[in-house]
Amino acid sequence: MAMVAITNPQLSFNLFYCSVTGREASISRQTASRIRYRFSSSRWLSLNSSSSTNRRYSFDSFKSRCSIANTDVHLNHVAVEDEEISAVDIGCRTTPIVQLKSDVLDTESLSILTGDTYVDSLLTTLPVLTEEEQKTLAATPAHPEGLYAFYASCLAGNLVEQLWNFAWPSAIALLHPSLLPVAVMGFLTKLVIIIGGPLVGKLMDHSPRVPSYIFLNVVQASAQLLSAAMIIHAHTVSPASASSILLRPWFAVLVLAGAIERLSGVALGVAMERDWVVLLAGINRPIALAQANAVLNRIDLLCEIAGTSLFGILLSRYDPVTCLKLAASLMVWSLPIMISLTWLTNKLSTGVLDRAKCCQASRRTSDEGPLPDAQNFVSTGLEAIKHGWREYIQQPVLPASLAYVLLYFNVVLTPGSLMTAFLTQRGLNPSVIGGFSGLCAFMGVAATFLSASLVRRFGILKAGAVSLTFQALLLTIAVAVYQSGTLSQRSPLLLFLCLIVFSRLGHMSYDIVGAQILQTGIPSSKANLIGTTEISVASLAESLMLGVVILANDVSHFGFLAMLSVLSVVGAAWMFCRWLLNPTEEQRSLFSFDPQL
């Protein structure tokens, strides 16, 4: 090993390795390395200049042991002065000695610290935030202006979507006194989500955020307008039987448009709740992210209240065709507003939503396979579904997720298309139906506050059990009221609806608590995959129940369908409580912070 001279006066030490071939030297630095050289007490190193005949040098200024830790060497000019190797034998290892010209150290003093002293000095020089400052930082969004614009965009989009979710089943139910058309549309839509959900999610993951988001908004609005046109056409032609409606061309177009509209809505929802809000609020700012999630949840529920109430009032005063035309006008006017707010969100957040092509390539892993194209579209979709189901089954909190899926079997005793169609066919005033849906949504808003109290009082796991038990109890009473056969009177009917409304407190509380349970138990690297697969599994459960509704589509079978719905809720509560009463070691480890465990 040759003697190396360092002429640059800016000097600090770090681990480097010298290798010499001929009269050339190469030095590789590892800036992140931390090393400590220790020399025997009988070996000294010297910085003093000595004659050229003496090839061994020692540092006279060092006694006994020398420790250098976490330092850097800034090298500009390195010259080899000799080829002769000089080494000090330490134990069984040979350690090369590098000569440093003494004039390098003339103007600067070298501070040598022991390991403990170095760490102590490092920690005392780092700025440390107080606990209050840390909480303030955690509660401050990374891009507050962009987040507010994002809220406005969600408000405009959700209002139209919730209004349409109430409008189309109400308008179809007025065509014929049967649940069959609504059930068929819901069934086929869920099948499309089951098959296309994972594939659309994968395409979204590999596409630029803002253009794909705007594109999906355009697709959803176009599908809504096409659906409204088909229903308006159906109301202008002569009425037909329920079975003949299914064979009409306009109904086939309506089903296709409805499936595209729902698939676009699911993709937009996942993008907003799993991707956009995390970037805008800050993934390392938990309080700000939690507050942003709560705001999104309340926006969605308040839009449900406003949308259903607005269309219900319109339907009670005007004919269905006029109401659908007004809804279509709202869709047309809201689309440019949503696009403008989306662009404004990205601008105010300093382009954080822009995704470079290099980032797309880095996010692809070997198990994801190639991007879907015209040739491997089907195989890629099937592989995505298979991989998602495998990961879903292996998750450590599977019983909590299955309890959530079982709730989707309840397609009757919930404010949805079938309940809207049922109440419409019983001759209830549309404003009352809209008020019922609005009150159910209001219970969801109240659940965002109630769930926090439940978690503080019972812990996160027992809060889920309390929520499910409360919902199952109220729905059981509601079915008992219906089976009593007194719904022809006004008071029992209102009691039946009120029990369903208050049961939404339990449903939405578990929806919030269950989401936190899944966030805690599922690894972050698999959260999106398992989350989208869970939506597909829930859609499968809902489609199976809708298949039963198709077979028993007469309104007289509503009691049987309500019994199946309440059994699914009772089964969900039983499964979750059984899992809670028999915790595993993995469960105790995941929820070690829960005082109830």
Side-chain angles (χ1 to χ4, degrees), residues 138 273-274 283 286-287 289-290 293-294 297 387-410 444 446-476 503-542 565-597:
E273 298 173 4
R274 302 291 179 90
I283 191 172
I287 300 178
L289 183 58
N293 288 329
N297 196 7
H387 181 60
W389 277 71
R390 182 169 60 250
E391 294 292 343
Y392 177 79
I393 294 174
Q394 296 175 355
Q395 63 172 311
V397 288
L398 181 61
S401 179
L402 290 178
Y404 178 78
V405 169
L406 280 175
L407 296 180
Y408 274 80
F409 279 98
N410 177 22
T448 61
F449 301 97
L450 178 63
S451 59
S453 301
L454 291 176
V455 171
R456 284 194 298 267
R457 182 177 178 85
F458 299 105
I460 182 174
L461 295 179
K462 286 192 176 181
V466 170
S467 302
L468 288 174
T469 304
F470 180 77
Q471 182 187 10
L473 178 62
L474 290 186
L475 289 183
T476 301
S503 71
R504 300 297 295 176
L505 273 176
H507 177 86
M508 295 304 299
S509 295
Y510 182 75
D511 189 60
I512 298 171
V513 173
Q516 188 173 348
I517 292 175
L518 297 178
Q519 289 170 352
T520 304
I522 297 176
S524 59
S525 59
K526 301 179 181 179
N528 290 331
L529 176 63
I530 295 177
T532 53
T533 305
E534 185 182 57
I535 295 176
S536 297
V537 176
S539 299
L540 176 61
E542 195 170 355
S565 293
V566 75
L567 287 177
S568 68
V569 178
V570 172
W574 173 82
M575 177 180 293
F576 188 89
C577 292
R578 184 174 180 271
W579 177 62
L580 180 60
L581 292 175
N582 299 280
T584 62
E585 291 301 324
E586 185 178 18
Q587 180 183 347
R588 294 181 185 277
S589 175
L590 288 172
F591 301 96
S592 57
F593 58 88
D594 195 326
Q596 301 300 326
L597 291 179

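Every heavy atom of this structure was used, including side-chain atoms; hydrogens, water molecules and symmetry mates were not.
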Peer 1: Kindly give the heavy-atom pair with the smallest separation between Pro396 and Glu586, and that separation in Å.
Peer 2: CB-OE2, 3.3 Å

Peer 1: Please list, chain by chain and in numerical order, all residues satisfying side-chain hydrogen bond (donor to acceptor under 3.5 Å, both in side chains) with Asn297, sequence neighbours excluded.
Peer 2: none

Peer 1: Would you list the pairs meeting side-chain hydrogen bond (donor to acceptor under 3.5 Å, both in side chains) in which at least one residue belongs to residues 463-473, sequence neighbours left out?
Peer 2: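 Checked against side-chain hydrogen bond (donor to acceptor under 3.5 Å, both in side chains) - neighbours excluded - the pairs reaching residues 463-473 are Gln471-His507.
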
Peer 1: Which residues satisfy the side chain to side chain contact (heavy atoms under 4.5 Å, CB included) test with Ser536, sequence neighbours excluded?
Peer 2: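 Pro198.
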
Peer 1: Roughly how far apart are Leu473 CG and Leu468 CG, rounded to 0.5 Å?
Peer 2: 12.5 Å

Peer 1: For Arg578, check side-chain hydrogen bond (donor to acceptor under 3.5 Å, both in side chains) against everything at least two apart and list the hits.
Peer 2: none

Peer 1: Side chain of Ser509, backbone of Leu505: donor and acceptor closer than 3.5 Å?
Peer 2: yes

Peer 1: Closest heavy-atom contact between Ile393 and Leu398?
Peer 2: O-CD2, 3.5 Å

Peer 1: Identify each donor-acceptor pair in which a side-chain atom of residues 401-410 lies under 3.5 Å from a protein atom, sequence neighbours left out, and give them as a table.
Peer 2:
unit_1	atom_1	unit_2	atom_2	d
Ser401	OG	Tyr392	OH	2.7
Ser401	OG	Glu534	OE2	2.6
Tyr404	OH	Tyr408	OH	3.2
Tyr404	OH	Asp511	OD1	3.3
Asn410	OD1	Leu413	N	3.0
Asn410	OD1	Ser565	OG	3.4
Asn410	ND2	Leu413	O	3.2

